[in-house]
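Here the structure is laid out as structure tokens; the discussion comes afterwards.
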Amino acid sequence: MLLHPSHPRPLPVSFAEGASPAQLTVRVDLVAGRIALNGSLDRQTAHHLLDAATALTAGDHREWVLDARDLHFCDIAGLRAITTVYRRALRHGARLTVREPGAWLRRALTALRLDGHLLPEEAPAEQPASPPAPR
């Protein structure tokens, strides 16, 4: 199954013969405990996310951040990798937060009931200022 921003429901996986391999850039900030993803997180690239999480286990961060702002695609293997990183963070006494997920990734995490664990709490919307009382 594939999750894609333009489709509200998962799509069946199909790999075209001779298709170019998926691309994923992973940046790890060991000082901040942050992993930034750019590209496609799928069965061919998920191991890169797991490797990045392994690098974070060497530190003593209380919070790990997964920056998904530039993540353009995620299939079920990518979701499995995210949940594996979540469990790994818990085992190391850290909390994983997924920052700026696309709407499709947010829906997938909500469907897995991980939104309360992985997504930052939304700040309450500011109340519009009341108009001044007439004098």
Side-chain angles (χ1 to χ4, degrees):
M1 295 184 126
L2 303 177
L3 299 174
H4 195 274
S6 64
H7 298 285
R9 298 190 182 265
L11 301 171
V13 176
S14 62
F15 294 99
E17 191 79 26
S20 62
Q23 299 277 326
L24 179 70
T25 302
V26 180
R27 291 186 181 91
V28 182
D29 183 341
L30 297 175
V31 174
R34 182 181 195 91
I35 301 171
L37 302 177
N38 184 338
S40 299
L41 183 62
D42 58 24
R43 73 180 188 150
Q44 296 170 326
T45 60
H47 67 280
H48 296 298
L49 173 58
L50 300 176
D51 292 343
T54 298
L56 289 184
T57 62
D60 59 351
H61 301 287
R62 304 302 293 157
E63 182 171 354
W64 295 2
V65 175
L66 180 61
D67 183 348
R69 129 186 31 185
D70 295 320
L71 186 63
H72 306 294
F73 177 84
C74 184
D75 69 2
I76 193 68
L79 283 173
R80 187 176 301 120
I82 291 171
T83 60
T84 299
V85 171
Y86 166 63
R87 290 190 310 274
R88 193 174 294 177
L90 291 178
R91 282 195 307 268
H92 285 86
R95 180 178 193 273
L96 176 66
T97 302
V98 179
R99 300 277 183 197
E100 298 187 49
W104 50 276
L105 181 55
R106 182 178 293 278
R107 282 193 307 267
L109 294 174
T110 300
L112 293 171
R113 296 186 179 187
L114 290 173
D115 53 332
H117 301 279
L118 296 177
L119 301 177
E121 293 181 21
E122 300 294 326
E126 289 185 27
Q127 297 295 327
S130 300
R135 293 183 185 198

R95 side chain to R62 backbone, donor-acceptor under 3.5 Å: no

Please walk me through it: do R88 and T54 pass side chain to side chain contact (heavy atoms under 4.5 Å, CB included)? CA-CA 8 Å; R88 193 174 294 177; T54 298; 2.7 Å; yes

Determine the minimum heavy-atom distance between [X] and [Y], stating which atoms define it.
| X | Y | result |
| --- | --- | --- |
| H92 | W64 | CB-CZ2, 4.3 Å |
| V31 | D29 | N-OD1, 3.0 Å |
| A46 | A81 | CB-CB, 3.8 Å |
| V28 | A55 | CG1-CB, 4.5 Å |
| S40 | L24 | O-CB, 3.4 Å |

Below 4.5 Å, heavy atoms only, C-beta onward: do [X] and [Y] meet side chain to side chain?
| X | Y | value |
| --- | --- | --- |
| R87 | T84 | yes |
| L79 | L105 | yes |
| L119 | L114 | no |

So, taking the atom named [atom1] in [X] and the one named [atom2] in [Y], what distance separates them when rounded to the nearest 0.5 Å?
| X | Y | atom1 | atom2 | result |
| --- | --- | --- | --- | --- |
| L71 | R69 | CG | CZ | 12.0 Å |
| T25 | N38 | OG1 | CG | 5.0 Å |
| L96 | Y86 | CG | OH | 8.5 Å |
| T83 | H117 | OG1 | NE2 | 12.0 Å |
| L37 | D67 | CG | CG | 7.5 Å |
| I35 | R99 | CD1 | CZ | 13.5 Å |

Treat each ILVMFWY residue as a node, draw an edge where side-chain heavy atoms are under 4.5 Å apart, and state whether L90 and V65 are in one component. no

Salt-bridge contact D75-R43 (side-chain N to carboxylate O under 4.0 Å): no

Exactly one candidate in L49, V85, T97, L118 meets side chain to side chain contact (heavy atoms under 4.5 Å, CB included) with L66; the answer is L49

Strictly by modelled atom types, are T45 and D42 linked by a side-chain donor-acceptor pair under 3.5 Å? yes

